[in-house]
Amino acid sequence: MEDSKNIAKTYDPSQFEDRLYQTWCEKGYFHAVPDPDKKPYTIVIPPPNVTGQLHMGHALDETLQDILIRYKRMQGYCALWVPGTDHAGIATQIKVEEELRVKEGKTRYDLGRDKFLERVWEWKKLYGNRIINQLKKIGSSCDWDRERFTMDEGCSKAVREVFVNLYNKGLIYQGSRIINWCPHCITALSDAEVEHAEHEGHFWHIKYRVENSDEFVVIATTRPETLFGDTAVAVNPEDERYKNLVGKTLILPLVGRRIPVIADEYVDKDFGTGCVKITPAHDPNDFEVGQRHNLEQIKVMNDDATMNAYAGKYEGLDRYECRKRMIEDLEKEGLLVKVEPHSHNVGQCYRCGTTVEPIISKQWFVKMKPLAQPAIDAVKNGETEFVPTHFEKVYFHWLENIRDWCISRQLWWGHRIPAFYCEDCGKMTVSKEDITVCPHCSGKVTQDPDTLDTWFSSALWPFSTLGWPEKTEDYDYFYPTSTLVTGYDIIPFWVMRMMFSGIEHTGQVPFKHVFIHGLVRDAKGRKMSKSLGNGIDPLEIVDKYGADALRFTLATGNAPGNDMRFSTERVEASRNFANKIWNASRFTLMNLDITENHLPKADDLGIEDKWLISKYNRLVREVTENLDKFELGIAVAKLYDFIWDNFCDWYIELVKPRLYDKGSKTAECAQYVLTYVLSNTMKLLHPFMPFITEEIWQHLPHTGESIMISKFPEYDPALDFPEAEKAIEMIMAAIGAIRNRRAEMNVPPSKKASLLIVTDYPQIFENGVSFFKKLAGADDVSILPDRSKVPANAVNIVVNGAELFLPLAELVDKDKELERLMKEKKELEGEIKRVEGKLSNQGFISKAPEKVVAEEREKGEKYRAMLEKVLVSINDIKQL
RNA sequence: GGGAGUUUAGCUCAGCUGGGAGAGCGUCUGCCUUACAAGCAGGAUGUCACAGGUUCGAGCCCUGUAACUCCCACCA
């Protein structure tokens with residue numbers, strides 16, 4: 001490929017993407033080694049679930065990270081992108097259990113803990129590489145030598161270190177509290193793992209008799225089956241209706257247990273009946289009421305949500321079956337007053353969708369208040385910044401209202417809690433190392449059977465992956481990391497927890513910037529999901545359109561933090577852009593005789609060369625600025641416009657005549673400009689579209705091995721040519737106006753015409769003669785000082801700086817011409833009126849910046865000059 | 001009940017610190033012009049949700065309203 005100037009006619013990414021990726025890997029370009037002469041730039045990947053498959057959300061996330069990493073690497077940073085995967089406790093365990101059930105009809109209990117875990121590890125080995133390979137397909141320049149897994153040795157060590165440290169500081173404790181229990185997964189869940197959905201339920205009004213009396217109270221409940229766990233009925237102390245009831249005893253229906261009536265402020269007089277059944281073991285509020293009044297906690301369900309012995313004759317029934325039967329029985333006994341439809345929020349397990357049961361349970365918790373405050377402060381004082389900033393509000397809201405974090409899970413797949421219980425003395429020991437013997441009495445110990453919440457290990461990811469708690473070279477050099485890139489949906493799960501963990505354990509915030517993106521939705525705006533079947537597989541897109549097209553699509557047309565709709569039409573547009581680049585490069589290569597890549601001397605440059613270089617130079621500055629502000633979409637849009645409009649549609653067309661003048665000095669100069677600007681533009685675009693840019697760069701004259709380790713272009717004030725820009729733009733406007741007129745008059749492109757230019761800027765238009773011939777259908781161009789030699793009856797066009805005449809007498813329709821001129825006159829007069837209005841406004845003159853005022857004056861002059869010419873033309877035409 | 005976001009061309013969306021409304025797709029007209037029909041040239045289409053306010057000047061800033069979306073929340 002080195003010398004070949006003949007590249008394929010059509011862009012076909014499958015011809016080079018895999019090959020280039022392999023080369024990059026083999027050359028070790030992705031591998032970062034701490035280098036004291038460079039500044040570090042670090043990103044740790046949000047680790048995808050080991051057993052997962054790459055979806056569009058990942059593709060977006062990885063693309064954004066890769067753009068940043070490649071950009072910084074080219075800027076000379078020691079750029080490290082740490083890849084890895086997450087063991088994803090519940091999700092993975094469910095999948096393996098499911099497979100076990102389907103294939104062998106067994107449960108995890110049939111296998112036992114050790115055998116089951118072996119199966120999960122096998123599964124992990126089988127599928128763990130799938131997602132990694134998928135990341136490679138889209139071009140991710142991760143340092144694969146540093147690939148990590150949340151349950152590898154190092155991460156596990158970090159987990160234990162953190163657990164023990166927090167425990168010793170009193171920030172981890174074990175306690176019986178109301179937690180969210182998933183009866184399907186048979187485990188506790190954290191608050192963040194519960195999704196709430198509006199549910200059409202009922203409000204059952206049930207009579208509780210007052211002991212030794214004919215009186216009764218009516219309570220209203222949405223979960224009647226918890227009645228068996230009632231240990232009181234509460235009323236508001238201010239509620240006149242029930243004042244005399246407080247202190248009396250009620251008889252619990254169906255089971256006949258005696259419970260007291262208590263008064264507690266928690267009760268809202270105006271809601272329901274004003275009487276609330278209190279079930280401390282099954283409701284968080286009731287739990288607190290129970291604490292205040294020293295009530296017994298009666299758990300009425302088993303772990304699988306079947307009723308236990310407290311439910312009397314309903315024992316063994318599923319919670320909903322029990323509900324149905326007891327309602328029937330209550331009705332028979334005349335204790336059911338009424339049933340109202342009632343919609344309320346029901347919590348569901350975020351993994352399996354089962355309605356969670358609030359239940360009292362002994363679990364491990366992290367005390368959050370002391371950890372939350374420093375994490376809030378770190379963002380408030382700017383140590384860590386969110387992009388866009390408004391996501392800080394979400395972050396604050398979570399941390400300010402945080403409750404203790406339930407970290408124990410009754411799962412087998414995960415980090416086992418490092419707490420050991422002595423069978424002899426009963427004491428508990430929390431230890432970083434596995435122990436078999438009790439340090440107090442030398443008795444036999446058994447480890448806590450529970451595992452930790454997956455997010456407990458994810459929270460340590462930015463430093464556990466760099467070697468912490470060891471003081472490694474990597475950790476010293478690369479930590480704290482630079483930027484975290486993730487979706488707004490996991491701020492509460494992950495970002496927040498990394499923040500407080502980083503601050504607590506390393507004394508530093510884990511990252512400087514949190515770059516938040518939105519969700520990828522389908523073309524109709526729906527969330528992509530398996531159940532809807534509307535997911536688009538990123539790999540299919542890569543196969544069909546190439547990774548660059550996918551990346552371009554994901555990086556563009558969307559503001560940071562906003563959701564984006566994904567449609568194949570947009571990918572096609574991206575692919576077309578790649579094809580455009582491909583062909584512009586092909587054109588350049590076809591016309592290349594030079595073997596070096598640098599700019600010609602300024603003296604040799606044509607006006608169009610200077611124009612392009614000047615435009616390119618501004619592009620460099622703006623793209624750099626945008627990238628530094630995380631405005632990736634704006635940066636890439638500017639690259640698109642520059643390449644398509646300036647480079648392809650104008651510059652290439654402008655220099656064609658020169659290039660065809662084979663062997664001339666001017667042709668050579670154009671070749672240098674094409675080569676230099678194209679190859680440097682490829683560098684600017686490389687972070688976004690790594691493959692095509694590398695492929696093209698390799699074909700162009702270059703020094704160095706690869707574009708990805710070349711230097712990112714820098715703005716150079718010496719390359720600004722404002723005069724040339726103005727001149728070319730004047731010519732471009734004239735060409736545009738001629739094309740417009742010809743199209744309007746249906747002049748076929750093949751029909752050439754003479755062009756007469758009356759202008760005060762003869763020099764500029766002299767420079768443009770060949771351009772008018774090439775691009776405006778002119779076969780003969782005359783530049784005149786005034787209108788004296790202009791034939792009557794010529795088509796007339798007024799543009800900025802000149803008046804153009806096309807002697808196409810036979811095509812001129814006098815009435816139409818007059819109509820058009822009148823329209824132009826009206827438009828110009830409108831503009832002049834607007835400008836004059838502004839300029840006659842004292843406030844504008846005195847308060848607007850000088851530059852703006854000057855610009856308006858300039859516009860005014862320009863329009864007046866044009867209007868004058870239009871008036872003359874109108875006069876002329878009338879006299880014909 | 002709190003909080004956030006969105007509202008700009010037929011569709012999907014840009015519009016950075018306020019200074020004459022943009023892109024892609026679609027659509028219409030004409031072109032196979034020796035890089036590209038995955039293309040070229042030209043055209044049409046907008047009370048920037050609504051109402052106030054600040055300002056010389058508002059798509060952009062402030063207040064309020066409406067619609068849609070999302071997140072959070074222990075009214076049983």
Side-chain angles (χ1 to χ4, degrees), chain A residues 7 9-11 178 191-192 196 203 219-223 226 234 266-268 270-279 283-288 342 344-345 358 390-391 393-394 396-398 401 488-489 491-492 518-519 523 525 527 545 556-559 561-567 569-570 572-591 622 625-626 629 631 633-634 637 640-641 648-649 652-653 656 660 736 739-744 746-750 774-775 777 831 834-835 838 841-849 851-853 855-856 859:
Chain A
I7 62 176
K9 186 172 177 184
T10 308
Y11 164 69
I178 298 282
D191 293 338
H196 294 270
F203 226 173
I219 59 90
T221 179
T222 54
R223 292 194 298 153
T226 63
Y266 153 70
V267 180
D268 180 349
D270 303 320
F271 187 81
T273 61
C275 298
V276 186
K277 65 193 271 306
I278 300 296
T279 323
D283 183 279
N285 293 314
D286 295 6
F287 176 80
E288 281 172 25
H342 180 68
H344 58 127
N345 270 328
H390 75 252
F391 285 105
K393 291 181 196 166
V394 177
F396 290 140
H397 185 259
W398 265 97
N401 296 289
Y488 60 73
D489 53 329
I491 292 173
L519 273 29
K527 209 166 172 172
Y545 301 98
T556 193
N558 154 269
N562 284 2
D563 291 355
M564 77 162 64
R565 293 188 195 205
F566 189 93
S567 65
E569 286 80 4
R570 290 190 53 221
E572 267 177 47
S574 305
R575 189 271 320 266
N576 292 354
F577 175 52
N579 187 54
K580 189 72 183 174
I581 295 170
W582 187 259
N583 276 290
S585 308
R586 212 175 123 238
F587 172 83
T588 302
L589 290 166
M590 283 166 63
N591 289 287
E622 292 183 356
E625 283 170 3
N626 289 135
K629 288 191 276 181
E631 293 165 352
I634 296 174
Y640 181 97
D641 289 343
C648 294
D649 288 348
I652 285 183
E653 294 306 323
K656 270 181 182 171
Y660 296 156
R739 283 169 168 174
N740 180 338
R741 291 291 295 126
R742 288 176 60 110
E744 255 177 53
N746 293 318
V747 182
S750 52
K774 173 82 174 89
L775 304 175
E831 290 298 330
R834 192 187 59 76
V835 171
K838 260 188 161 175
N841 182 334
Q842 220 22 66
F844 178 72
I845 298 290
S846 57
K847 291 188 183 171
K851 196 182 150 208
V852 176
V853 178
E855 274 168 12
E856 288 298 318
K859 282 180 205 162

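Only heavy atoms go into these numbers, but all of them, side chains included; no hydrogens, no water, no symmetry mates. Every chain is numbered from 1, with letters handed out A, B, ... down the list of sequences.
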Let me know the distance between OH of A:Tyr640 and C1' of B:A23, rounded to the nearest Å.
-> 8 Å

Can you list the residues that meet the side chain to side chain contact (heavy atoms under 4.5 Å, CB included) rule with A:Val853, with sequence neighbours excluded?
-> A:Leu839, A:Phe844, A:Ile845, A:Ala848, A:Arg857

What nucleic acid atoms does A:Lys774 come within less than 4.0 Å of, heavy atoms only: base, sugar-phosphate, or nothing?
-> nothing

Mind listing the closest non-hydrogen atom pair of A:Tyr488 and A:Gly518 along with its distance?
-> CE2-CA, 3.6 Å

Anything under 3.5 Å between a protein N or O and an N or O of nucleotides 55-61 of chain B, put it in a table, one pair a line.
from, atom 1, to, atom 2, distance (Å)
B:C56, OP1, A:Lys847, NZ, 2.0
B:C56, O2', A:Asn841, ND2, 2.7

Quantified in whole Å, what is the P atom distance between nucleotide B:A9 and nucleotide B:A14?
-> 12 Å

Give the rounded distance in Å between these two atoms: NZ of A:Lys393 and C1' of B:A4.
-> 7 Å

Looking only at B:A4, B:C36, B:G24, the nucleotide nearest the A:Arg586 side chain is B:C36

First of A:Val747 and A:Tyr660 reached from the 5' end of RNA chain B, by closest nucleotide = A:Val747

With sugar-phosphate meaning primed atoms plus P, OP1 and OP2, does A:Glu653 contact a base, only sugar-phosphate, or nothing at under 4.0 Å between heavy atoms?
-> base

Atom CG of A:Asp489 and atom P of B:G5: how far apart are they, to the nearest Å?
-> 17 Å

Taken in chain and number order and not counting sequence neighbours, the residues that satisfy salt bridge (Lys or Arg N to Asp or Glu O under 4.0 Å) with A:Glu653 are A:Lys656, A:Lys774

How would nucleotides 12-17 of chain B be written as a contact map, 5' to 3', with B for base contact, S for sugar-phosphate-only contact and - for no contact, using protein heavy atoms under 4.0 Å?
-> SSSSB-

Could you give me the stems involving RNA chain B, meaning stretches of three or more consecutive Watson-Crick or G-U wobble pairs whose two defining distances are both below 3.5 Å?
-> B:1-7 with B:66-72, B:10-13 with B:22-25, B:27-31 with B:39-43, B:49-53 with B:61-65

Partner set under ring-ring contact (aromatic ring centres under 6.0 Å, His included) for A:Phe271, not counting sequence neighbours | A:Phe203

Counterpart residues, side chain to side chain donor-acceptor pair (under 3.5 Å), relative to A:Ser574 (two or more places apart) = A:Thr553

Heavy-atom donor-acceptor pair, A:Arg739 side chain to A:Leu775 backbone, under 3.5 Å = yes

Reckon A:Lys851 touches a base, only the sugar-phosphate, or nothing at all at heavy-atom distances under 4.0 Å?
-> nothing

Sequence-aligned protein contact record of nucleotides 38-49 of chain B, with B where the base is within under 4.0 Å of a protein heavy atom and S where only the sugar-phosphate is = BSSSSS------

Rounded to whole angstrom units, what separation is found between the CD1 atom of A:Ile652 and the C1' atom of B:C36?
-> 10 Å

Which value, in whole Å, describes the distance between the C1' atoms of nucleotides B:U7 and B:C40?
-> 36 Å

Taking only residues two or more places apart in sequence or in another chain, which ones pass salt bridge (Lys or Arg N to Asp or Glu O under 4.0 Å) with A:Asp191?
-> A:Arg403

Sequence neighbours excluded, the answer for side chain to side chain contact (heavy atoms under 4.5 Å, CB included) partners of A:Asp489 is A:Leu519

What pairs with A:Lys859 under salt bridge (Lys or Arg N to Asp or Glu O under 4.0 Å), at least two apart in sequence or on another chain?
-> A:Glu856

Write down the distance separating the P atoms in B:A41 and B:C32, rounded off to the nearest Å.
-> 15 Å

With B for base contact, S for sugar-phosphate-only contact and - for none (protein heavy atoms under 4.0 Å), nucleotides 71-76 of chain B reads -SBBBB

Kindly say whether A:Asn579 contributes a backbone atom to a donor-acceptor pair with the side chain of A:Asn583 at under 3.5 angstrom?
-> yes

